[in-house]
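Structure, as structure tokens:
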Number of protein chains: 2
Amino acid sequence: MAEKLDRLLISLDQLIRIRNETSHAILSECGVPDITVKQITYLKTIDEQGEVTFTRLAEITRNSKPTITELINRFENMECVYRERCPHDGRVLYIRLTDKGRRIARADNYALSRLIERMMETLDEDDIDVLVTLLRKVW
Amino acid sequence: MAEKLDRLLISLDQLIRIRNETSHAILSECGVPDITVKQITYLKTIDEQGEVTFTRLAEITRNSKPTITELINRFENMECVYRERCPHDGRVLYIRLTDKGRRIARADNYALSRLIERMMETLDEDDIDVLVTLLRKVW
DNA sequence: TATTATTAGGGAAAACCTAACTAACTACAG
DNA sequence: CTGTAGTTAGTTAGGTTTTCCCTAATAATA
């Protein structure tokens, strides 16, 4: 039994490792190897909000507005976001993700998708049914 | 088929999420919520090396020796490492992990173990056999 | 003399802040 | 209806702390 557990551990470790490596590979592809965890978190927040202004992002993240200005300037230099003026109110700016910014924000999801593509190459439909059933049993 | 894929995606996402959350929980337990990714990487390197001196760690990580001194001072304040003088050569110091440092270095592994414990609560031996067989098919 | 680690004294970048400012919108007094 | 006074959105200026890196010089040991 201990041996079985060990094999399960190795298999799951492999699964998670592949996902992580793919995730890092995506960040490398994007040319941002030194991006910080905080920056990725901010990009994810912007992505989740969809349409977000400076004031709103400051509220959500509990930062001052100048902090957000500085953050967005950095992201703009990294070509991860751009500013779009609101047509109805000239004071307001929307923070928009570029393709690159979105790829970074969703790197984890893309990595998981790639992992699943890889599973599809070796597993048939019945296998997947069994796998899903087993995994759903757990949570 | 697309629906099945989607369920697989959700299940695997859940698996990885639980692992990540457990990992973060372990870091919180250790009282180091603001630890950086680089610091964790250094602790992992120290853990993997087993017996490592300042000069050696500087070589491995391609840093200067003062950088390592500074790093280790920080880790010592965080109670993650301690210095141990080499009995054969008074110039040499070994960098040793404390329990806390080791827990942080291995947080990912512990998280995976806890995940597997959790799976054991719901899956029987046959289930695990099937799961392992399926996962091993993929890689 | 050579080697190990430390100290002293730098620098850059991220991630935060307050105070003061500009531009643009809103409301209401005349 | 218009002018102005006040409000709001974002920026600029100037500051701090922390991490993470460096070179040069030094102390202790081999």
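Reckoned from all heavy atoms, side chains included, excluding hydrogens, waters and symmetry mates. Residue numbers begin at 1 in each chain, while the letters A, B, ... track the order of the sequences.
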Once you apply a heavy-atom cut-off of 4.0 Å, does [X] come out as touching a base, just sugar-phosphate, or nothing?
| X | answer |
| --- | --- |
| A:Tyr94 | nothing |
| A:Arg56 | nothing |
| B:Asp34 | nothing |
| B:Arg85 | nothing |
| A:Thr36 | sugar-phosphate |

query = Within the pair B:Thr69 and C:dT6, is there a side-chain N or O less than 4.0 Å away from OP1 or OP2?
reply = yes
message = It should be established whether B:Thr67 places a side-chain nitrogen or oxygen under 4.0 Å from OP1 or OP2 of nucleotide D:dC22.
response = yes
message = Quick check against the 3.5 Å criterion: does B:Lys100 have a side-chain atom that pairs as donor or acceptor with the backbone of B:Met78?
response =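 Pair found, side chain donor or acceptor close to backbone of B:Met78.
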[X] [atom1] - [N] [atom2] separation (whole Å):
| X | N | atom1 | atom2 | answer |
| --- | --- | --- | --- | --- |
| B:Phe75 | D:dT18 | CZ | C1' | 14 Å |
| B:Ile35 | D:dC20 | CD1 | P | 9 Å |
| B:Leu71 | D:dT18 | CG | C1' | 14 Å |
| A:Asn63 | D:dG10 | CG | P | 14 Å |
| A:Ile72 | C:dA15 | CD1 | P | 12 Å |
| A:Glu70 | D:dG15 | CD | P | 15 Å |
| B:Lys65 | C:dA8 | NZ | P | 18 Å |

5' precedence on DNA chain C between B:Asn73 and A:Asp89 (nearest-nucleotide basis) = B:Asn73
task = Between B:Thr55 and A:Arg91, just flag the one whose closest nucleotide in DNA chain C comes earlier from the 5' side.
result = B:Thr55
key: Heavy-atom pair with the smallest gap, counting every atom of B:Met119 and A:Leu8   =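 Scanning both residues, the minimum pair turns out to be SD-CD2, 4.4 Å.
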ask   = Does a donor on one side chain sit under 3.5 Å from an acceptor on the other, for B:Asn63 and B:Tyr42?
value =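 There is such a pair between these side chains.
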ask   = Which residue lies toward the 5' end of DNA chain D, B:Pro66 or B:Met78, if each is placed at its nearest nucleotide?
value =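 Of the two residues, B:Met78 wins.
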